[in-house]
Amino acid sequence: MAEIQPQQQTTLISKTFPIKPKLKAKPRTQSQTPESKYWSSFKLTQITNLISSIPSVSFSPSAPHVFAAAHSASLSFYSPLSLSDPDVAASSSISFSDVVSSLSFRHDGLLLAAANLSGLVQVFDVKTRTPLRRLRSHTRPVHFVRYPVLDKLHLVSGGDDAIVKYWDVAGESVVLDLVGHKDYVRCGDCSPVSGDMFVTGSYDHTVKVWDVRVENSRSVLEVNHGKPVEDVIYLPSGGLIATAGGNSVKIWDLIGGGRMVYCMESHNKTVTSICVGRVGRESGDESMQYRILSVGLDGYMKVFDYAKMKVTHSKRFPAPLMSVAFSLDCMTRVIGAANGTIFAGRRKKKEETVENEVRNILGFSSIAEPERRVLKPTYFRYFQRGQSEKPSEGDYLVMKTKKVKLAEHDKLLKKFRHREALVSALGGKNPENVVAVMEELVARKKLKKSVANLDHEELGLLLMFLQKHATMPRYSSLLMSLTEKVIEMRADDIRASDTLKGQIRNLKRSINEEIRIQQSLQEIQGIIAPLLRITGRR
Amino acid sequence: MIRGGKSYVTSPPAFSNDGKKLLVCTAETVSVFSTSTGLQITSLEGHTALVTTVIVVPAWNPASKILCFCWTASLDGTIRYWDFAAPELMKTIDVKIPIISMVIPSILVQPSMESEKRPDLFAYLSTEDVKESKEEGNALRRQIRKCNLSKSRLVGLILGEVKQQVVLTVSPSAKYFGLKNKCKLQIWKVPAKDSDNAIVKKISLHHTKKISVLAFHPNQRIVAAGDVTGRILIWRLFGDKTFSKNGEKNERPMDTGEEKPGVRGDDDADSCSTWHWHPAEVNVLSFSSDGAYLYSGGKEGVLVVWQLDTGKKKFLPRIGSPLLYFIDSPDPSLSSICCADNQIHLLKMPSMEILRTISGIKAPSSYHEMYKGLNNGVAFDHTAGLVALRTENYCIQLYSLFDDRGVSEVQVCERNHQPGDDVMVVVTLVALSFDGSVMSTAEIKLAEEGIGGLICLKFWTSGFQNKEFSLLTIVYEPHRDAAISAIAFHPSGHMAVSSSYGGDFKVWVCNNDNQKDQMLQNSSWTCHSVGSYKKKPMTAAAFSADGSVLAVAAETVITLWNPDKNVLLAVIGETLMPIVTLSFIGKSEYLVAASWGSKPQLSVWSMSKLSAAWSYRLQIEAVATAVDLSSFAALALLPESSNETTFQERDGLILLFNAKDAVPVATWSAKKAKGGALAFIQTNQSSTEEIGRDGTPPRALLAYVNGDHEYVLFDPYNKDVQELSISHKEIHATPEETGRARQFGYASIYGELPQFDLKRTDTSWTPSFPSERPWETIFSGSSHNLPPLTKLCLPFLESLLEKRTAAVE
């Protein structure tokens with residue numbers, strides 16, 4: 001497609017230049033990296049009507065990635081598509097006899113396991129919410145239950161009795177009792193590459209790697225986190241695990257024999273939960289890379305790039321955070337807080353495609369549009385035909401010259417109506433434009449004259465503007481001297497009018513305020529300057 | 001040697017008959033430009049003084065449209081007839097009186113009969129008789145004369161005398177011609193059958209204001225005149241009484257009591273109407289070829305089109321410079337306007353779009369005098385041979401010295417320039433990096449009674465090949481409210497320094513992220529360090545050729561800094577007056593400084609000894625140094641007193657020094673040196689073809705741009721060129737010397753001084769000395785050129801042996 005630019009005027013002649021405000025200084029570092037932009041593109045929805053802290057949230061692995069949140073003695077399901085509504089309600093919920101501590105979807109998304117503090121682990125059908133199995137063997141509260149990634153028949157759970165149990169779900173029986181932890185078992189994860197391996201973390205500071213194929217029920221590997229372990233996850237490669245405990249998140253290399261790879265200590269309080277997230281964009285350097293999302297009691301969510309060992313994004317929430325989960329399609333991120341709020345974030349893009357999928361699932365097929373009628377000159381559309389035509393390949397594009405947008409004050413300045421231009425700018429909201437017009441008037445040597453020509457109302461407008469902005473450091477160099485001039489020139493008019501007098505009073509007040517600030521700043525400077533001099537001498 | 005930068009707008013240009021060429025008077029030549037490309041095709045050279053008029057002989061049938069003949073008149077007192085397609089001089093008529101303006105009415109009308117013998121061609125001249133005026137001692141006699149071009153002689157008849165130089169205007173119908181004479185118009189009727197003694201009748205039309213321009217209607221008896229206050233007066237049916245008395249019979253009964261609205265006194269016109277739009281003097285008046293429209297323009301730079309019957313107006317605004325001429329072409333869709341800033345714009349006619357511009361070098365802006373502390377403000381691109389000039393409309397014009405045309409223009413302040421207004425925004429400084437890819441400008445917005453003054457420093461970058469600069473960084477108030485005195489670039493182009501009268505200088509660095517190939521977007525200039533010396537105003541700054549030393553002049557002393565670490569290295573002092581120009585002399589260890597004021601000085605400082613090497617008491621306007629030369633050139637202004645008698649308008653000297661030696665290597669005298677600039681320009685392939693005729697390309701050319709922005713490029717080391725150079729005078733007066741004693745005066749370019757010639761022969765002779773060490777060169781060269789080894793062997797072995805004679809001595 002060849003583009004023909006409109007004939008560029010090489011000369012600068014007969015060109016108008018609209019008035020532009022002074023440029024602002026750009027920060028030297030970019031305020032948002034592309035990745036940070038991605039992480040803040042999740043539109044936040046708060047689900048507030050829950051009672052107590054949210055110890056666990058989890059996404060269904062199958063589309064449309066419904067998520068479940070445990071709160072108090074119940075468990076609620078939410079659809080991510082409903083997050084755009086202002087008041088999100090749970091699509092359904094299940095009640096328990098005791099506080100629910102942990103939940104886990106099976107990898108096909110059909111079954112859900114939930115553990116509560118009475119020591120009971122229950123398995124539900126996700127669609128009907130009917131309890132299918134009750135696994136009772138733990139004598140103390142259970143804090144962790146997980147379905148293996150590649151196994152539909154077994155479950156792993158761990159509790160305050162320091163025993164990790166490997167269950168046969170169908171038979172409601174314990175296959176293995178894995179003993180080795182010396183304190184509460186609080187967390188664990190199953191290997192993404194093997195159905196037989198899983199990892200658990202305990203308050204005895206250790207993380208143990210288990211293999212059900214090992215006969216004597218001993219842990220295969222053990223790493224010491226150094227703090228009570230709050231959460232442990234397998235990273236997608238299966239060779240690395242990340243553990244959270246205390247203020248730190250540590251990454252361990254399992255294949256390398258339990259070597260610590262990196263310790264991230266950017267949280268201020270205990271890290272309560274971590275999960276794997278992904279930069280779900282097709283383009284860009286970071287597309288489809290995995291990240292560790294960690295949340296802590298300090299209310300921060302941090303995104304950690306474990307390839308570059310760098311925190312790439314950080315976001316503060318107004319409550320201590322307890323749990324975090326990230327959906328497989330990279331569209332939704334859910335964080336459960338200690339005060340019973342769920343911060344659910346959802347990205348806007350691709351929603352249509354998701355909807356289409358939903359429609360297809362629901363069996364709606366697109367209805368054939370009615371046939372186009374032949375356009376006749378009696379229709380209005382006849383006269384608009386072809387206007388929205390897109391150029392095809394091989395067409396020559398003749399670009400239209402870009403029209404210079406002129407503001408009201410620009411047009412007036414073009415006609416040399418200086419006072420009107422000033423008034424028109426004062427009527428606008430943007431103080432930068434007003435200052436720019438004033439600067440232009442100075443450059444034409446007409447500011448004094450246009451101030452002298454202002455009538456009472458316009459003078460009031462100007463005084464109001466001066467009162468608001470004269471003390472702003474960006475404008476003060478121009479506006480302060482202008483204020484003086486205005487008062488000097490229009491003293492008689494101001495004396496004659498009460499409203500103007502009132503504005504002068506306001507102006508005086510704001511100037512006095514500024515003077516006081518300056519004085520206190522000077523005092524501070526006086527305190528600091530000797531200190532700086534002393535330190536400079538050393 | 002290349003000359004250029006002439007004014008294109010001294011006289012109105014003329015279109016060729018096919019509208020494809022434009023003939024422009026450029027000093028003593030007439031340049032022919034193509035209207036389709038805007039480039040110069042050829043030039044007519046022959047006149048020895050300013051060409052004042054060019055008239056293209058019109059064609060009357062399509063076949064003759066390709067004929068390209070023109071008449072030119074010049075101040076050298078000749079009228080010449082050219083074929084400008086060839087280009088070839090056909091005829092010269094010497095009238096021996098400087099001609100200010102010439103009209104040839106009779107070529108404008110179609111010859112009536114082919115068979116009839118062609119009548120003599122008569123021209124009417126406005127002349128200035130210099131000789132007589134000198135004898136009589138009174139005001140110059142300026143006369144309107146008649147000249148028989150066919151017989152090449154001046155007719156004795158003097159039509160009138162005027163007090164000032166006037167331009168004649170002829171009516172397109174060829175019946176009348178006229179001139180403005182203060183507050184009145186004088187109009188002559190061209191006799192129908194012109195002969196040497198034909199009586200030419202004259203009328204006068206009066207006005208209360210000084211008339212600035214007049215124009216005749218193409219087919220009606222209407223004359224329009226513009227005055228200095230901006231009014232346009234239109235007299236209709238002028239000359240009813242006088243011109244028609246004895247010719248055709250007067251149809252209208254002459255009634256003395258008849259109403260003649262607007263006509264003053266008993267002026268011979270039917271009516272006079274006045275139009276007023278222009279706020280200032282009207283300089284341009286022209287009727288369209290069909291007579292329906294009147295074009296007018298003036299000092300405010302707006303072209304106004306008046307519909308003659310209704311007085312309705314159309315505008316081409318914001319041209320940005322006073323208009324001087326409006327020329328219609330035979331091609332109805334093309335016309336041109338000439339502006340005072342040396343630009344000729346070609347207009348597409350009914351829509352008045354500017355098609356292209358023939359861009360001459362822009363004249364220095366008039367605020368030189370207004371704003372103190374401005375130096376010439378000219379920057380050179382040493383590699384590409386460009387000069388960057390500040391122009392009045394807040395632009396930087398980049399002008400190619402080799403091609404003699406404007407390359408591009410950079411709008412520094414985004415403002416429209418109103419030629420009549422007070423100048424409140426001034427571009428004070430421009431600096432180019434050595435490779436010309438980075439430019440820095442400083443501008444100052446003057447305050448209106450203490451309100452809103454602002455100083456801006458801007459950094460610009462250009463693409464790889466083109467010279468379209470784009471803005472990178474703006475720094476508002478770089479030195480608080482103190483004005484910037486100088487900007488200099490590091491040789492690498494990634495560092496710059498700006499010094500201010502406020503007592504500090506700042507080093508700026510360009511930090512760009514080269515990793516992502518987005519140079520333009522990511523790079524920006526930031527302040528690297530700030531330095532000051534005893535709170536003294538910093539008046540000049542320069543980087544050394546390798547960029548390791550930064551010299552900043554703190555009024556009278558020179559401070560040397562390490563630019564990277566911002567460490568003061570040394571202080572050299574001191575001069576009598578504040579230094580205004582500072583420059584390192586290429587490879588040598590010397591630094592040259594120039595100071596102005598009551599005791600001006602050119603001083604050369606040795607960096608190794610940290611002391612003054614030598615100095616002169618000269619008013620130095622500009623200093624030029626080159627990176628790879630150990631010499632420098634300085635442009636010195638001669639004292640006012642010696643100016644008038646000795647040098648004939650030559651008020652400057654260009655001196656070429658070797659850094660170690662206080663005796664100038666060469667000297668040239670120059671005209672209009674005030675506000676001039678000097679620079680060494682590196683030669684590239686295209687330019688060496690023109691200059692290096694002897695096969696050896698010169699190392700560097702010296703460019704001299706004078707106060708009117710005319711320039712000359714020459715090789716300072718080549719003797720042949722020196723003879724062609726602008727100065728032909730030997731300099732007698734030697735300026736006061738403060739350094740060592742000198743034995744002889746300035747070397748003259750003719751080589752009249754024997755010492756100078758001796759040196760030349762010495763240097764040319766020296767290289768032919770046989771080498772002391774032939775074994776180094778004896779085998780060099782391609783193998784087929786070498787003599788056989790058997791022959792080479794003997795001299796080679798011989799050369800290795802030590803000569804006994806040398807040992808004895």
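Lettering of chains follows the sequences in order, A, B, ..., and the numbering in each one begins at 1. As a basis for the values below, the full set of heavy atoms in this structure was taken, side chains included, without hydrogen atoms, waters or symmetry mates.
- Distance check: I474(B) CD1 to L23(A) CG gives 4.0 Å after rounding to the nearest 0.5 Å.
- The distance from the OG atom of S477(A) to the CG atom of L454(B) is 7.5 Å, given to the nearest 0.5 Å.
- Across S481(A) and G452(B), no two heavy atoms sit closer than the pair OG-N, 4.3 Å.
- Two residues are said to be in side-chain contact when any heavy atoms from C-beta on lie closer than 4.5 Å; V442(A) and K445(B) fail this criterion.
- Within the 4.5 Å cutoff, no side-chain heavy atoms of L446(B) are placed close to those of K445(A).
- The environment of Q518(A) atom CD is dense: over 12 non-hydrogen atoms of other residues, nucleotides or ligands sit within 6.0 angstrom.
- Listed by chain and residue number, nothing satisfies the ring pair (Phe, Tyr, Trp, His ring centres under 6.0 Å) test with Y399(B) (two or more places apart in sequence, or in another chain).
- Interface residues of residues 405-440 of chain A toward chain B, defined by a heavy-atom distance below 4.5 Å and sorted by number: K414(A), F416(A), E440(A).
- Counting heavy atoms of neighbouring residues, nucleotides and ligands inside a 6.0 Å radius, atom NZ of K449(A) does not exceed 12 of them.
- With sequence neighbours excluded, the residues satisfying ring pair (Phe, Tyr, Trp, His ring centres under 6.0 Å) with W277(B) are F315(B).
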For this session: For side chain to side chain contact (heavy atoms under 4.5 Å, CB included), just list the numbers for R415(B) and R444(A), CA-CA rounded to whole Å, side-chain angles, deciding distance to a tenth of an Å, and then say yes or no.
Result: CA-CA 10 Å; R415(B) 299 194 67 237; R444(A) 296 183 182 196; 3.5 Å; yes
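- Residue L441(A) touches chain B through its backbone alone, counting heavy-atom pairs closer than 4.5 Å.
- For the atom pair F17(A) CZ and H417(B) NE2, the distance stands at 12.5 Å (nearest 0.5 Å).
- One finds the NZ atom of K24(A) at 11.5 Å from the OH atom of Y476(B) (value rounded to the nearest 0.5 Å).
- Highest contact tally toward chain B, considering only K485(A), K22(A), K446(A), K20(A), is held by K22(A) [criterion: heavy-atom pairs under 4.5 Å].
- Evaluation of the side-chain hydrogen bond (donor to acceptor under 3.5 Å, both in side chains) rule for T37(B) yields S34(B) as partners, not counting sequence neighbours.
- More than 12 heavy atoms of other shown residues, nucleotides or ligands fall within 6.0 angstrom of atom NZ in K313(B).
- Proximity of E449(B) to K448(A): side-chain heavy atoms (C-beta onward) are separated by under 4.5 Å at one or more points.
- Heavy-atom neighbours of K299(B) NZ from other residues, nucleotides or ligands within 6.0 Å: at or below the threshold of 12.
- For the pair E448(B) (side chain) and L447(A) (backbone), a donor-acceptor distance under 3.5 Å is present.
- Only the side chain of Q418(B) comes within less than 4.5 Å of a heavy atom of chain A; its backbone N, CA, C and O stay farther away.
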